[in-house]
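These notes concern the structure reproduced below.
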Amino acid sequence: MGDTADGADLSRVNSYTWPSGHVAHLSEGQIGALDRFKKLSQQKGYYDPGDEKTPPTHDDETLLRYLRARKFVPEQAFGQFKDTEDWRKENQLDKLYETIDAQEYDQTRKLYPQWTGRRDKRGIPLYVYEINSINAKDVSAYSSSKDNKKQSTNTKVPWKMLKLFALYENLCRFVLPLCSAIPNRANAETPISQSNNIVDLGGVGFAKLWNLRNHMSDASKLATAYYPETLDRIFVIGAPSFFPTIWQWAQKWFDPITVQKIFILSESDMASTLAKYVDLENVPKKYGGTLEWQFGDMPSLEPAIANSLRWKEHIEYKGHRTLPIGPIKWEYDKDGDLVATAIGTENNKPRNNVIGQLHPKEGVARLALSPGRADNKSLFHTTSAQIPAVQDKTPANPSMTESNGDAAAAAREGTSSTRYVQQSGTHAEGQVAGGTPATKTDSGGEQQAIMEPNTVGQAPKEHPMKIPEDPQPTAMDQAKDMAAQTLEQAKQLPTTVMSAVGMGGEKEEESKEPAPAKKEDPAVDKMDGKAVEEFLRDQSKSKPEASVPEQ
């Protein structure tokens, strides 16, 4: 079939598994969708195609991530692309990655999926997430951290989330460009823009997964919203006996393309299945390979990677060539070589330590050195002239343009001094400090203070009405609550597992998180697959239609 008005051609496809749907492996319809996406983004001021001297603001592989995430529908892809670019600018992601403390970065790294330093047979990096190694105290300390003194960006985002952002920046700024530049891999003409993940659930029960769900969902929401299509295959290992049964039921809650990327491996088929996709010397011993690597270790760089770099600094960990802790970025030097530099801060001092260099081989694809709009040298190297920065054409607030500009100018900026004081203890407290007291110019040209009634708020009552106590639940109510808790936990488990590696697979209309259970039932961990299946089958029965009385 030919192109459609909304997306790619209507021919049947199984998935967008690499390299399908990536650079150098696009159908005619997908090429057309990419072209329309570029034109739309350019019209809106979020993309500049550049010219002979100036490269585009984003490379094709980066743009294709948004198209794959939105089934190659340009309008939908632009919506996510725009939101991401606005989010990156608002949170100053470039500055964050340049200035984050190396020790804090490494503490955060140990709570999320970690790069082994190895790749699969296609050249895609392999990450591991061992859930049972996550210490609840460390998570609590990480989540409750209020030390914003080291926070170098002007944003209201919690510090814990900023540190998580830095991990994704490392994936996109260092690991993926490195894997793209390594020669002698399959489809070397296509950049590497995704990762593989082993999710180890060994020894983990419902209770721990449930307690960690918020911690892991941070990564899920972040990846789904702002780093789309950076995950490829997921190998779930050590899952409880009931998990395959639940997964059969839960697959309908995930996108079919997402489901195709997930492998639920038993202990008996773990090594043989992994060996199909990853050379055993690159698989940790725990999972049937020969690699001496454990969760928490620094990357153990495989020989093909270590031998491709001209090292300026020799760093070893457990006898293997590795990398320094903290953020690392790539830059092109005047000769066109990629230079790896350790950045961030150490002891409150900026670091700028060159680790090594890599000369890109002819015919090997390059990936942009930033997942967003940044220094254009990240796409192409130059020899003498400095590439000028592309001006951001995006209005400061897109909603405050032309049609509503007058309304924005007339917006209230403050209230009267008296009313501002009266707001204390109400919902309006502190909301309109700027511009207070509000004034206007009368017909005689004099400035007059004014009162804005909408900012007064309702003062708290001195004698609030007594709230009646909730009736105590009956035995039947408690039984229903227990059944509902078990069902909700069963539904949440597959989603929580996907959240462990940052894959948000829920359908948008079904993505609301259920209310947390009141109590944890340890018996749920011990339920076998048959019991869970019978319970889910009973809960999913269709209710009989009510009979309609005859007229």
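Here the structure is a predicted model, which is why all the values come from computation and not from measurement.
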Keeping T54 on the side-chain end and G50 on the backbone end, is there a donor-acceptor pair under 3.5 Å? no
Can you check whether K71 reaches Q76 side chain to side chain, under 4.5 Å on heavy atoms? no
Distance-only, no hydrogens or angles: does the E61 side chain make a donor-acceptor pair with backbone N or O of V23 under 3.5 Å? yes
N353/E313 under side-chain hydrogen bond (donor to acceptor under 3.5 Å, both in side chains): CA gap, chis, key distance, verdict: CA-CA 9 Å; N353 307 327; E313 184 178 354; 5.4 Å; no
Using ring centroids (six-membered ring only for Trp), state whether H58 and Y46 fall under 6.0 Å. no
Chi angles and distances behind the side-chain hydrogen bond (donor to acceptor under 3.5 Å, both in side chains) call for T62, D59: CA-CA 6 Å; T62 298; D59 72 339; 2.5 Å; yes
Quick check: do L323 and L301 have side-chain heavy atoms less than 4.5 Å from each other? yes
Do the non-hydrogen side-chain atoms of F235 and I262 ever get within less than 4.5 Å of each other? no
Could R122 and D232 be called an ion pair, given the rule that one side-chain N must be under 4.0 Å from one carboxylate O? yes
Find the distance between CH2 (W115) and CZ (R109) and round it off to the nearest 0.5 Å. 12.0 Å
Is there a donor-acceptor pair under 3.5 Å between the side chain of T230 and the backbone N or O of Y227? yes
Evaluate the criterion side-chain hydrogen bond (donor to acceptor under 3.5 Å, both in side chains) for residue pair S193 and R65; output intermediate values, then yes/no. CA-CA 8 Å; S193 58; R65 289 199 289 108; 5.6 Å; no
Taking side chain as C-beta onward, heavy atoms only, is T108 less than 4.5 Å from L167? yes
D101 (side chain) donor-acceptor with E104 (main chain) under 3.5 angstrom: yes
Not counting sequence neighbours, which residues clear ring pair (Phe, Tyr, Trp, His ring centres under 6.0 Å) with Y226? List them please. W87
With Y112, the side-chain contact (heavy atoms from CB on, under 4.5 Å) member among M216, K163, H215: H215
How about CG on D51, more than 12 heavy atoms from neighbouring residues, nucleotides or ligands closer than 6.0 Å, or not? yes
With a 3.5 Å distance limit and no angle check, can you tell me whether W330 reaches the backbone of V339 through a side-chain donor-acceptor pair? no
Do I192 and R185 touch side chain to side chain, with heavy atoms closer than 4.5 Å? yes
Q80 side, atom CD; E229 side, atom CD - distance, nearest 0.5 Å: 9.5 Å
Side chain of Y127, backbone of V199: donor and acceptor closer than 3.5 Å? no
Give a yes-or-no answer on whether the side chains of H25 and E189 include a donor-acceptor pair shorter than 3.5 Å. yes
Could you walk me through whether E98 and K329 pass the salt bridge (charged side-chain N to carboxylate O under 4.0 Å, His left out) check? CA-CA 9 Å; E98 294 272 353; K329 72 173 183 180; 2.7 Å; yes
Can you check side chain to side chain contact (heavy atoms under 4.5 Å, CB included) on Q194 and K261, steps first, answer last? CA-CA 12 Å; Q194 296 177 307; K261 296 180 178 182; 3.9 Å; yes
H359 and R310 side chains, donor-acceptor separation under 3.5 Å: no
Return the minimal non-hydrogen interatomic distance between W18 and P191, and the atom names on each side. NE1-O, 3.3 Å
Charged N-O contact under 4.0 Å between E90 and R88: no
Stepwise, does the ring-ring contact (aromatic ring centres under 6.0 Å, His included) test hold for F37 with Y47? CA-CA 10 Å; F37 179 34; Y47 171 76; 8.1 Å; no
Verify the neighbour count for atom NZ of K318: are there more than 12 heavy atoms of other residues, nucleotides or ligands below 6.0 Å? yes
How about Y105 and N170: do any of their side-chain heavy atoms sit closer than 4.5 Å? yes
Checking R118 against W293: charged group under 6.0 Å from the ring centre and within 45 degrees of the axis? no
Taking the basic N atoms (NZ, or NE/NH1/NH2) and the acidic carboxylate oxygens, is any pair closer than 4.0 Å for K110 and D138? no
Distance-only, no hydrogens or angles: does the T116 side chain make a donor-acceptor pair with backbone N or O of L126 under 3.5 Å? yes
For the atom pair CG (L178) and CG (L367), what is the distance rounded to the nearest 0.5 Å? 11.0 Å
Do the side chain of Y129 and the main chain of L111 share a donor and acceptor less than 3.5 angstrom apart? yes
Of all the heavy-atom pairs spanning P299 and T322, show the shortest one and how long it is. O-OG1, 2.6 Å
Any side-chain heavy-atom pair of D200 and F295 under 4.5 Å: no
Can you check whether S370's main-chain N or O pairs, donor with acceptor, with R173's side chain at less than 3.5 Å? no
Under 3.5 Å donor-acceptor, E302 side chain and R119 backbone: yes
Between R373 and E85, does any side-chain N to carboxylate O distance fall below 4.0 Å? no
Please determine whether a side-chain nitrogen of the Lys or Arg among K89 and D86 lies less than 4.0 Å from a carboxylate oxygen of the Asp or Glu. no
Of all the heavy-atom pairs spanning L309 and I305, show the shortest one and how long it is. CD1-O, 3.3 Å
Counting only heavy atoms from other residues, nucleotides and ligands, does the tally under 6.0 Å from CD of Q294 exceed 12? no
Of all heavy-atom pairs linking V364 and S180, the shortest is CG1-O, 3.0 Å
R36 side chain near S41 side chain, heavy-atom distance below 4.5 Å: no
About how many Å separate CE of M298 and OH of Y317, when rounded to the nearest 0.5 Å? 8.5 Å
